[in-house]
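The block underneath contains the structure these notes are about, expressed in C-alpha cells.
What you are looking at is a predicted structure, and each value in this text was computed from that prediction instead of being measured.
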Amino acid sequence: MISVAAINQSVIDSLLGLQLFVVLFIGLHDWIPLGPLNDVKAVRMAVSPGKLFISTVLSTLPFVIGFAASAYYADAGFPRWLLWWLWISYGLAIYGMLRTWWIPYLLIDEPTRADRYQAMFGRTHAFLPVRNGIRPDTLHIALHIVLITVIILLAVISFGP
C-alpha cells in the first residue's frame, strides 16, 4: 500500500480531477453537443444509437471503476491492485490514442479511417493541419493531453518517495 503521507496531496487531487475528466469525456462527448468541439449528429449518422450506447458503456466502465476506487482510497493510500488497474487502463488508452489518431496522422495513410473521421469530426474545431487525410480535433487533443498527464501522475505516485 502506498501511503498518501508520502505523496503530495495535490498530486492525488490532480489525478482525481483528471480521471473525472476522462470519465465525463468518454461517457458524454458523443451524446451532448459541445458547440464546435463535437458533432453529435455526425457521430449518430456514422454509428447507430444502440451500438454507440454499448460502445460508450464498455469504454467508460474501466475508467469509472478506476476513478471510484481512486476516490475511495485517496485518503488511505492506493493499494497495488488499484495502481495496476490504473496503469493498465490508461496504458491501453494511450495505446488506443496512438493507434487511432497519431500513428495514422503522422505516419501511416489509412484512407478508410480518414474518411470515417472526416464524416464524424470534419466540422469540429481543430488547429492542426490535415495530414494523411486526418486532422485531430481540439477536443480529442485535450483528452490526449489529459491521458498523458494521468500517466505522469501515476508514475509520480507509483515511483515517487
Side-chain angles (χ1 to χ4, degrees), residues 11 13-71 78 81-159:
V11 173
D13 293 343
S14 298
L15 179 65
L16 289 172
L18 294 174
Q19 285 181 279
L20 180 59
F21 176 87
V22 170
V23 167
L24 293 174
F25 179 96
I26 296 172
L28 301 175
H29 83 285
D30 287 331
W31 298 94
I32 296 176
L34 300 171
L37 295 176
N38 68 350
D39 189 347
V40 294
K41 290 179 185 176
V43 170
R44 292 226 177 80
M45 290 183 71
V47 183
S48 72
K51 185 175 180 180
L52 184 60
F53 176 77
I54 290 179
S55 173
T56 299
V57 169
L58 292 177
S59 59
T60 307
L61 187 60
F63 300 100
V64 169
I65 293 168
F67 172 68
S70 295
F78 288 10
W81 73 264
L82 176 54
L83 289 172
W84 276 103
W85 184 277
L86 295 173
W87 275 108
I88 291 167
S89 298
Y90 284 93
L92 289 172
I94 294 284
Y95 169 78
M97 168 192 86
L98 292 171
R99 178 64 193 101
T100 61
W101 282 102
W102 295 103
I103 291 172
Y105 178 71
L106 296 171
L107 303 173
I108 301 171
D109 188 22
E110 295 184 26
T112 304
R113 184 182 305 274
D115 291 344
R116 184 167 187 256
Y117 284 9
Q118 178 59 35
M120 293 172 63
F121 310 117
R123 290 181 295 279
T124 60
H125 182 270
F127 55 88
L128 293 176
V130 174
R131 288 181 55 117
N132 292 325
I134 292 178
R135 178 190 62 146
D137 63 1
T138 302
L139 192 59
H140 280 92
I141 290 173
L143 173 67
H144 301 165
I145 291 168
V146 166
L147 292 174
I148 291 165
T149 306
V150 166
I151 291 291
I152 292 168
L153 293 177
L154 279 174
V156 168
I157 291 168
S158 297
F159 309 116

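- Side chains of I108 and N132 form no contact here, defined as non-hydrogen atoms less than 4.5 Å apart.
- Not counting sequence neighbours, the partners of F121 by the ring pair (Phe, Tyr, Trp, His ring centres under 6.0 Å) test are W101, Y117, H140.
- For the pair D137/F127, no side-chain contact is recorded, criterion being any heavy-atom separation below 4.5 Å from C-beta on.
- Taking F63 as the reference, Y90 meet the ring pair (Phe, Tyr, Trp, His ring centres under 6.0 Å) condition, with sequence neighbours excluded.
- Looking at P104 and R99, their side chains come closer than 4.5 Å, going by heavy atoms from C-beta outward.
- Rounded to the nearest 0.5 angstrom, T149 OG1 and H144 NE2 are separated by 12.5 Å.
- The salt bridge (charged side-chain N to carboxylate O under 4.0 Å, His left out) search around R113 returns E110, not counting sequence neighbours.
- Across all non-hydrogen atoms, the minimal contact from T138 to A126 is OG1-CA, 3.5 Å.
- A donor-acceptor contact shorter than 3.5 Å is absent between the side chain of S55 and the backbone of K51.
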request  = Would you sort out whether M97 and I148 count as a side-chain contact (heavy atoms from CB on, under 4.5 Å), showing the intermediate values?
outcome  = CA-CA 10 Å; M97 168 192 86; I148 291 165; 4.2 Å; yes
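- To the nearest 0.5 Å, the span separating CG on L34 from CZ on F25 amounts to 9.0 Å.
- Residues satisfying the side-chain contact (heavy atoms from CB on, under 4.5 Å) test with L28, not counting sequence neighbours, are L24, I32.
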inquiry  = Using the rule given for side-chain contact (heavy atoms from CB on, under 4.5 Å), can you reason through T124 versus L37, listing the C-alpha separation, both sets of side-chain angles and the distance that settles it, and then say yes or no?
reply    = CA-CA 5 Å; T124 60; L37 295 176; over 6 Å; no
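- The closest side-chain heavy-atom distance from R116 to T112 is not below 4.5 Å.
- Contact of the L147 side chain with the V22 side chain is registered, since non-hydrogen atoms from C-beta on lie closer than 4.5 Å.
- From L16, atom CG reaches atom CZ of F21 across 15.5 Å, with rounding to the nearest 0.5 Å.
- Note that CD1 of I145 and CG of L18 are 11.5 Å apart. Values are rounded to the nearest 0.5 Å.
- In this structure, I94 and I151 have side chains that are in contact, with non-hydrogen atoms separated by less than 4.5 Å.
- The CZ atom of F67 sits 14.0 Å away from atom OG of S89, with the distance rounded to the nearest 0.5 Å.
- The distance from atom CG of L20 to atom CG of L15, rounded to the nearest 0.5 Å, is 11.0 Å.
- Every residue meeting the side-chain contact (heavy atoms from CB on, under 4.5 Å) condition with V130, not counting sequence neighbours, appears here in chain and number order: R135.
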message = Using side-chain contact (heavy atoms from CB on, under 4.5 Å), reason through L128 and Y105 one step at a time and then give a plain yes or no.
response = CA-CA 10 Å; L128 293 176; Y105 178 71; 3.6 Å; yes
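- Using a 4.5 Å heavy-atom threshold, the side chains of P111 and D109 count as touching.
- Although no hydrogens or angles enter the test, the distance criterion places no donor-acceptor pair under 3.5 Å between the side chain of W31 and the main chain of L52.
- Judged by distance alone, the side chain of N38 and the main-chain N or O of H29 form a donor-acceptor pair under 3.5 Å.
- For D39, the salt bridge (charged side-chain N to carboxylate O under 4.0 Å, His left out) criterion is met by R123, not counting sequence neighbours.
- Side-chain atoms of L86 and S70, non-hydrogen and from C-beta on, do get closer than 4.5 Å to each other.
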